[in-house]
J.: 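Dropping a structure here in structure tokens format, bear with me for questions.
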Amino acid sequence: MAGPEDRERGSPDDKGLSGLAEGYRKAAPYMAASSSLVGAVGVFTFLGYLADRKLGNEVPWLTMLGAVLGMTGGFISFFRQVLKGKK
């Protein structure tokens, strides 16, 4: 079980942080990476949807293409951010 003396063993940045705040600080890069993944998929899918509506396509090819491009770019960005944090 963790005690008050455990805070002294942490990094200088952790001094005075509660356990919850310390957890959020450590998880912040991963939350940012996952947010960029979701954002990329959402933006590219929406752009594909708008293009399909403007062109009057019956089959939503551009929506699907936008989703695939968003997933590809989002995963590349996600893994770059996550793997950068492990170095």
J.: Treat each ILVMFWY residue as a node, draw an edge where side-chain heavy atoms are under 4.5 Å apart, and state whether Y49 and V59 are in one component.
T.: no

J.: Quick one: side-chain hydrogen bond (donor to acceptor under 3.5 Å, both in side chains) partners of T63, sequence neighbours excluded?
T.: D52

J.: Apart from L69 itself, what residues make up its hydrophobic cluster, given side-chain heavy atom links below 4.5 Å?
T.: F44, L55, L62, L65

J.: Please give the remaining members of the hydrophobic cluster of L47, linking ILVMFWY side chains under 4.5 Å, ordered by chain and number.
T.: V43

J.: Any link between F79 and M71 through a network of hydrophobic side chains (Ile, Leu, Val, Met, Phe, Trp, Tyr) touching at under 4.5 Å?
T.: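 F79 and M71: one cluster.
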
J.: Look at the aromatic rings of F78 and F75 and report parallel, tilted or perpendicular, splitting at 30° and 60°.
T.: perpendicular

J.: Is the backbone N or O of A33 less than 3.5 Å from a side-chain atom of S36, with the two atoms forming a donor-acceptor pair by type?
T.: yes

J.: Looking only at non-hydrogen atoms, find the nearest pair between V41 and T45 and report the distance.
T.: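 Shortest heavy-atom separation between V41 and T45 comes out as O-OG1, 2.7 Å.
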
